[in-house]
Protein chains: 2
Amino acid sequence: MELDARKLKILQAIIDEYVMSASPVGSRSVSKNPEFNLSSATIRNEMADLEEMGFLEQPHTSAGRIPSDKAYRLYVDTIMNRAQISRDEIRKIRTHFSSKISEVDEILKQTAVAISSVTNYTAMVLAPELDCDTLRHIQLVPLVPGKALLVIVTGTGFAKDAVIHVPVGVRTEELEQISRFLTKRLYGRRMDMVAEMIASELEPEMADRREFLSNIADGIERKITPNRKSVELAGAGNMLHYPEYADLQKARNFLSAVEGRDALYNMLKRASSLEFTVTIGSENEQDELKDCSVVTATYRMGDQSMPMGTLGVIGPTRMNYGKVISVLEYMRRSLGEILSNYIEED
Amino acid sequence: MELDARKLKILQAIIDEYVMSASPVGSRSVSKNPEFNLSSATIRNEMADLEEMGFLEQPHTSAGRIPSDKAYRLYVDTIMNRAQISRDEIRKIRTHFSSKISEVDEILKQTAVAISSVTNYTAMVLAPELDCDTLRHIQLVPLVPGKALLVIVTGTGFAKDAVIHVPVGVRTEELEQISRFLTKRLYGRRMDMVAEMIASELEPEMADRREFLSNIADGIERKITPNRKSVELAGAGNMLHYPEYADLQKARNFLSAVEGRDALYNMLKRASSLEFTVTIGSENEQDELKDCSVVTATYRMGDQSMPMGTLGVIGPTRMNYGKVISVLEYMRRSLGEILSNYIEED
DNA sequence: ATTAGCACTCGACTAGTTGGAGTGCTAACA
DNA sequence: TGTTAGCACTCCAACTAGTCGAGTGCTAAT
């Protein structure tokens, strides 16, 4: 059997309607669509074919039909036309960044909130990954006897700090000197190489400060390793608006899958090598997300080539893919600009 | 009518049972309690009295009775016996802090997760408020031309950083010198006085660097002002386990009230002047929380006298108050210790 | 190839029925 | 006077038909 142009149009009409209504689509309602001049019986035959081909499913004999995951796949890959993001939506997004924001974390948080409020789905944002960034500055700040604060500034301007142990014998004044030394020697290196370099090159050179250097290397290592904590989440409650989650059990499963950020972190991390990904229903690894779709997009700083982090939206498989993709497209650019302005301009 | 000892015991029995079962308690099931040797008819009379006094309510004529907010108030104020926290629960809490945690934020996050997982309610943690803390160290780190990173370390060892603008004419080497100057002059001052002092004392003294100093003061001001972002939340989805939230509409309202952290921030902030607070049902300001109870406790660092922040639990009014209070009691101490170890020991 | 028509299916909704848990009240009892 | 057995009453929850309508597949005519 072949998927001719008419079948495709019918499939698209069914998907569009199902995305709106969330209830199975019958042949009659499709035949009413002025785009087709066909009776319901004809549509019925075509729908039977589409079902046979695996694009449609029947919840039970006398209901309409709903699109299968395979149909959504086809839809996003070939038929879908990307929705244009509206002025109103842009305005709505802007409001989330109007008040003066003083931290990168807060920017990411607001990004998630903005995405979820415009799409009405659940949004997530993976914080910038620092391992591909370079080192710009290291500063040791005395804290209490035996402790210091290690401040690392990266090439793209992110600052991280960690409390580290200062071995007895290291004088407070020495901290400044070591800071200068490390900055000078490590400037411009990739962050994921820095800890290694300290161990292999600098420790032999400053054998009497070996322990301290190794603490510093540990601190850096800890800081550039991303973790589940660096996933911002917003609008998880939005899912309760959709009839898919009228079942409490499902809603609960979804919320608990999403609250422990680990799963999200893994998904976003895996998606970070591609500009855009769309994962539909059963394509998801996580069981709890088998009836969700996940759309992700990477963002980068200004016009750099390396992606820094990932944005994502989780919604029911019956989501408005066109809209979600265009919102993510808009946000990935905005976020890139916002982040570079944050660092570079005033 | 008087609330004699027997009435009190009956009320307690009703509350205990209702907390367990979530369904209205009938006279018969109370009379079965071996503690009373009374027929259901007698209990019935007593229950009628208790209803008249406003401690019980009847959802409808032929149902049992449920405790009113007033009853819970009485319960927590006088009858309740604090549950002992079990070995298992302590072990469960410990697991959340076993892996090496490298940031204060992460500690707070894990605290919220631990509380919610032990109580099965929703937990929140308000980050330490820095305005009552003192200043220990200020460091300016060069970032890009025109920008610097301002790092502030407080007396209790918290570090905060902010990106600030460096006016043209301020040389990079000068940053170190200004850092020393500011640290020397402001050491030991209360954080909420620092910005003011810069404006009133230091700016006149260094008139040629007035603009820069004022940027620094702004940065400090921004950082010590707490906001909704500093509330960690965990286990919001737990609420869906309770029949109170079987109604989707209610669940949705709850989740959206709690997702925008503002309401929580206000509650915790207001509660921060008291060691413990218990707010029952209609006593809550927020409409969405009128059928929840909120229990809060302040935590402090080590054995200091000033409270730093607040922990809280939100659950249905029918919550296990005894358990929640004892968990919070345990956590406030633990958190205090964890935070001081984080800063002081290794 | 398309369509009108028809018999059939099946969930959603409605109304009626029943059973049980609970109540209040009264009268008897210790 | 406090307690209790007994009874009539209430009302929800659960079950049972019964009906309606939206939808289907199939067939025969166009």
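Values below: every heavy atom of this structure, side chains too, minus hydrogens, waters and symmetry copies.
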So, with a heavy-atom separation below 4.0 Å from DNA chain D, the residues of residues 6-21 of chain B are B:R6
With B:M267, the side-chain contact (heavy atoms from CB on, under 4.5 Å) member among B:T279, B:T277, B:N284: B:N284
Show the numbers, then the answer: is there a side chain to side chain contact (heavy atoms under 4.5 Å, CB included) between B:S293 and B:I280? CA-CA 4 Å; B:S293 285; B:I280 295 164; 3.7 Å; yes
B/S/- along nucleotides 12-30 of chain D (protein heavy atoms under 4.0 Å) is S---------BSBBB----
Separation of C:dA4 C1' from A:L38 CG (nearest whole Å): 14 Å
Residues in ring pair (Phe, Tyr, Trp, His ring centres under 6.0 Å) with B:Y330, at least two apart? none
May I ask you to evaluate whether B:S39 reaches the phosphate of D:dT4, defined as a side-chain N or O under 4.0 Å from OP1 or OP2? yes
Gap between atoms CG and C1', on B:D49 and D:dT1 respectively (whole Å): 14 Å
Residues which pass ring pair (Phe, Tyr, Trp, His ring centres under 6.0 Å) with A:F55, listed by chain and number, not counting sequence neighbours: none
Of all residues at least two apart in sequence or in a different chain, which pass the salt bridge (Lys or Arg N to Asp or Glu O under 4.0 Å) check with A:D49? A:K7
Partners meeting ring pair (Phe, Tyr, Trp, His ring centres under 6.0 Å) with A:Y242 (sequence neighbours left out): A:Y121
Option from A:V76, A:L311, A:V278, A:T119 for which side-chain contact (heavy atoms from CB on, under 4.5 Å) with A:V295 holds: A:V278
Between A:R44 and A:S27, is there a donor-acceptor pair closer than 3.5 Å when you use the side chain of the first and the backbone of the second? no
Write down the distance between CD (B:E46) and C1' (D:dT3), rounded to a whole number of angstrom. 11 Å
